[in-house]
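Data first, discussion second: the structure below is written as structure tokens.
Values below: every heavy atom of this structure, side chains too, minus hydrogens, waters and symmetry copies.
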Amino acid sequence: MSSSAEAPAFDPWRPSFVADPYPAYAELRERGRAHWFEPSRQWLIPRHADVSALLRDRRLGRTYLHRFSHEEFGRTAPPPEHEPFHTLNDHGMLDLEPPDHTRLRRLVSKAFTPRTVEALVPTIQRLAEELVDSLVTAGGGDLIGAVAEPLPVAVIAEMLGIPPADRPALRPWSADICGMYELSPGEDTARRAVRASVEFSAYLRELIAARRKVPGDDLISGLIAAYDEGDRLTEQEMISTCVLLLNAGHEATVNTTGNGWWALFRHPEQLALLRADPDALLPTAVDELLRYDTPLQLFERWVLEDIEVGGTVIPRGSEVALLFGSANRDPDRFDRPDTLDLSRADNPHISFGAGIHYCLGAPLARLELVASFGALLRKAPGLRLVKEPERRANFVIRGLRELQVEL
């Protein structure tokens, strides 16, 4: 079929849409497979089969600069004042294509082998229980600030070798940088992202210099060793990789924890089942919570060669927005997609992506989620909501500002 006109239901800047985008997604899926969205000048792809296929399609890329200049691709270069953000962002493996992506991913994947991740289990478990103990002692509080945020930040900071005293700056830097991943970010967002990029990069340069003098048993020291052994890793790639690992290494976990508990409080029968047998249900429950209210709602790709989606030709130079949140509720792929079913076994959600950019840290994120949900279920069996949570205004990275609970 041909492309639809602009879809009025899809409005990522409208608070009611941000609160619940899923009805609009259903309308998009019913109306077709590719929709031109003029405000962001992107093609929206809402169905699971198409999103899954395009994530693996090498005619699309996270960047086009490995093959074309801005002019050749029909695009305008970013403003010079945004350069610090783009330098930082464009040298991380998420925004690189082969062969640079392959080289970087090979180096970083050494830190995410099954054996390495498994060795982190006792640390993750201990951190989760300590954070939950503090929440219980306080009689409740903000679940996001008390448990959801500190756990994954501490784990990834530990892996990178960032000293505990320096860690409070990480989450604000990350939040400011990730603001640029929203659709059509404004100048205020860009200024905050640039400032955070400059500060975070300067901090990591100093830390890398210190690790060169005194190596440790951490990922930064490992990357330095790879660089020194001639594995062609530049200092900028090292800095960008560390920032990417921090940002990607906690955003999904933080937001799945908040979104997940909010979903459980709204589905008391599912929460009761989980409380009755957490050990048996948690592995499938975590994946269902990742599917049901997806922490990353869309992922963008550049079209490097003409493609066709459902009869619509999307030409080279276009940008597609792959709607993860919509794909994860597609009735053509999921039975009763709008139902929260913690025992769902057939669950090929794409919350961690697919293809060469599939999230390296997915096994680590699952471990963190199982640990934090498990500790809360065991130590705070009477956990309940104090008031309806406040949602962040962001659309692309979907999460709560706070989640006030009591015992």
I need the minimum non-hydrogen distance between [X] and [Y], along with the two atoms involved.
X    : Y    : answer
M93  : V108 : CE-CG1, 4.0 Å
A371 : Q125 : CB-OE1, 4.0 Å
S240 : G92  : CB-N, 3.5 Å
L271 : L264 : CB-O, 3.8 Å
Y203 : P163 : OH-CD, 3.5 Å
D166 : I162 : CB-CG2, 4.0 Å

Verdict with supporting geometry, R105 and L96, side-chain contact (heavy atoms from CB on, under 4.5 Å): CA-CA 10 Å; R105 190 174 176 103; L96 290 172; over 6 Å; no

Enumerate the salt bridge (charged side-chain N to carboxylate O under 4.0 Å, His left out) contacts for residues 314-331, please, sequence neighbours excluded, ordered by first and then second residue. R329-D338

Out of curiosity, [X] [atom1] to [Y] [atom2], how far, rounded to the nearest 0.5 Å?
X    : Y    : atom1 : atom2 : answer
E251 : I397 : CD    : CD1   : 5.0 Å
L207 : R212 : CG    : CZ    : 11.5 Å
L289 : H267 : CG    : NE2   : 10.0 Å
F352 : L55  : CZ    : CG    : 14.0 Å
L383 : L143 : CG    : CG    : 6.5 Å

Residues [X] and [Y]: side-chain donor-acceptor under 3.5 angstrom:
X    : Y    : value
Q236 : T234 : no
E97  : T63  : no
T87  : E83  : yes
T113 : R115 : no
D293 : Y22  : yes
R205 : S201 : no
H82  : E187 : yes
S326 : R29  : yes

For the backbone of [Y] and the side chain of [X], can you confirm whether one donor and one acceptor N or O come within less than 3.5 Å of each other?
X    : Y    : answer
N89  : F85  : no
R398 : N394 : no
N247 : C178 : no
T102 : P98  : no
T116 : F112 : no
H349 : S351 : yes
S197 : A193 : yes
S221 : P215 : no
T284 : L342 : yes
S318 : I314 : no

V309/W43 under side-chain contact (heavy atoms from CB on, under 4.5 Å): CA gap, chis, key distance, verdict: CA-CA 10 Å; V309 179; W43 289 92; over 6 Å; no

May I ask you to say whether [X] pairs ionically with [Y], meaning some side-chain N is under 4.0 Å from a carboxylate O?
X    : Y    : answer
E305 : R67  : yes
E308 : R33  : no
D20  : R391 : no
D50  : R47  : no
R126 : E129 : no
R344 : D335 : no

Minimum side-chain heavy-atom gap [X]-[Y] below 4.5 Å:
X    : Y    : result
W36  : R41  : yes
C242 : F200 : no
R191 : D188 : yes
Y181 : L296 : no

Tell me every residue that passes salt bridge (charged side-chain N to carboxylate O under 4.0 Å, His left out) with R392, counting only those two or more places apart in sequence or in another chain. E149

Any idea how [X] and [Y] line up, ring-wise: parallel (<30°), tilted (30 to 60°), or perpendicular (>60°)?
X    : Y    : value
H357 : H101 : perpendicular
W261 : F373 : parallel
F37  : W13  : parallel
F395 : Y25  : tilted

Derivation of the side-chain contact (heavy atoms from CB on, under 4.5 Å) call for E237 and L104: CA-CA 8 Å; E237 287 173 340; L104 270 178; 4.2 Å; yes

Going through the checks in order, is the salt bridge (charged side-chain N to carboxylate O under 4.0 Å, His left out) test met by D287 and R366? CA-CA 8 Å; D287 275 302; R366 286 190 172 96; 2.9 Å; yes

So with a 6.0 Å cut-off around CG of D217, is the heavy-atom count from everything else above 12? no

Should the pair R62 and F299 be classed as cation-pi, given the thresholds of under 6.0 Å to the six-membered ring centre and 45° from the axis? yes

On the six-membered ring of W262, is R266 placed so that its NZ or CZ lies under 6.0 angstrom from the centre and within 45° of the ring axis? yes

Compile the donor-acceptor pairs under 3.5 Å between side chains in residues 399-407 and protein atoms, sequence neighbours left out, one pair per line.
residue, atom, partner, partner atom, Å
R401, NE, E390, OE2, 3.1
E406, OE2, R384, NE, 2.8
E406, OE2, R384, NH2, 3.1

Would E288 and D341 satisfy side-chain contact (heavy atoms from CB on, under 4.5 Å), going step by step from the backbone distance to the final call? CA-CA 7 Å; E288 176 67 346; D341 178 6; 4.0 Å; yes

Kindly state whether the ring of H70 and the ring of Y64 have centres lying under 6.0 angstrom apart. yes

